[in-house]
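Read through the structure below, which is laid out as structure tokens, and then see the notes.
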Amino acid sequence: MTRGDSAGPRLGLVADVHANLQALEAALAWLDARGVDDVWCLGDVVGYGGDPEACVALVRERCAGTVRGNHDAAVVDPSLLSWFNPHARQAAQRHAEILSADAKAWLDGLPWTLDLGEVALVHAGFADPPAFDYVLNARQAAVELAAQPARWGFVGHTHVPGAWRRGEDGAVERLSLQGGDEGIDVDLPGKVLVNPGAVGQPRDRDPRAACALLDTRTRTLLHARVDYDIAAAQAAARGAGMPAIEAERLASGM
Ligand code: ZN
């Protein structure tokens, strides 16, 4: 665990950028328009999309910290590719070919977790970060919330937005992320675990880029879906030699 020095009161969270530069720029613009202090990245900067080098550069420039995703790990450690389906593997291998040595060295140095005090970040799950477990339901969320070292935890990995709370009695409930312009109240007893959803490859049938803004002063969380130039991202993916499915799926959000 490392402690972030620059955790500001309004924290932006971006997950699963997946080399989609158009989506990342749109999500950052949305966060900037709301006066974000620091942006934190929940991993999977690369994999699937057309602009891995530019996305690594923009995340390095804009994010105060980034945790290690399974695609970030796989482009520097080919032994991990056996976990991937054939088109994900093909995309990661292509990224390994085209990424600069400097970008790969940065990816190779990403931490498993970041501990910002009231906030903790991990790509998949706190219980066993290198296992890259999935949190899609309350049963899986309960495992991660039990291990979560901070009041508010953030994960990515599933590409599906979700939020869960573990009460002081240990019971876990799903929270709605629908809070409108006010956001949802996260000043709740116990711990809250949030997946903001994917910036660059949503899989909840909403193709817009997803991100979140935690305001630690008002104790509220805003969840956003942001329109971006999907056709340009698809053209970039095709131009970089990604499997056709990785461009096509951006239009359906699956
Ligand atoms: Zn991912």
Side-chain angles (χ1 to χ4, degrees), residues 13-24 26-27 39-52 54-56 58-59 63 65-77 80-96 99 103 106-108 110-114 121-126 128-136 140 144 153-162 193-212 225-226 228 230 233 236-237 240 242-243 245-250 252-254:
L13 287 311
V14 294
D16 297 284
V17 171
H18 283 300
N20 185 334
L21 182 62
Q22 290 78 14
L24 177 59
V39 182
W40 298 86
C41 180
L42 295 160
D44 276 3
V45 181
V46 300
Y48 299 131
D51 287 301
C55 285
V56 167
L58 187 53
V59 166
C63 294
T66 300
V67 291
R68 177 190 300 259
N70 50 319
H71 289 252
D72 306 319
V75 298
V76 291
D77 180 358
L80 300 173
L81 290 170
S82 60
W83 293 16
F84 286 15
N85 67 44
H87 51 91
R89 187 181 313 145
Q90 191 185 335
Q93 287 170 326
R94 180 80 184 117
H95 282 190
L99 278 164
W106 179 76
L107 291 167
D108 201 23
L110 293 177
W112 289 109
T113 59
L114 285 168
L121 316 177
V122 67
H123 180 64
F126 292 104
D128 186 3
F132 295 114
D133 292 323
Y134 289 87
V135 180
L136 287 161
Q140 293 163 334
E144 307 307 337
F154 288 89
V155 295
H157 194 46
T158 66
H159 300 206
V160 176
L193 176 64
V194 176
N195 184 331
V199 169
Q201 195 205 75
R203 293 182 193 158
D204 62 341
R205 302 186 188 282
D206 182 341
R208 296 175 296 172
C211 62
R225 299 310 287 262
V226 186
Y228 75 96
I230 292 173
M242 295 302 125
I245 186 177
E246 305 304 348
E248 289 159 10
R249 68 193 302 174
L250 296 178
S252 62
M254 275 307 288

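All residue numbers in this chain count up from 1 along the given sequence. Excluded from the calculations below are hydrogen atoms, water molecules and symmetry mates; all remaining heavy atoms, backbone and side chain alike, are included. Whatever order the structure lists them in is the order used to number ligands and atoms, beginning at 1.
With respect to Arg225 and Asp204, a salt bridge is recorded, a charged nitrogen being found less than 4.0 Å from a carboxylate O.
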task = Starting from the C-alpha separation in whole Å, work towards a yes-or-no answer on side-chain hydrogen bond (donor to acceptor under 3.5 Å, both in side chains) for Glu246 and Gln90.
result = CA-CA 10 Å; Glu246 305 304 348; Gln90 191 185 335; over 6 Å; no
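Between His71 and His18, the two ring planes are perpendicular [angle over 60°; tilted spans 30° to 60°]. The aromatic rings of His157 and Phe132 are tilted relative to each other, their planes meeting at an angle between 30° and 60°.
The Zn ion (ligand 1) lies under 2.8 Å from an N, O or S atom belonging to His159. For a distance bound of 2.8 Å, the N, O or S atoms of His18 include one lying that close to the Zn ion (ligand 1).
For Asp44, the N/O/S atom at the shortest distance from the Zn ion (ligand 1) is named OD2. For Asp16, the N/O/S atom at the shortest distance from the Zn ion (ligand 1) is named OD1.
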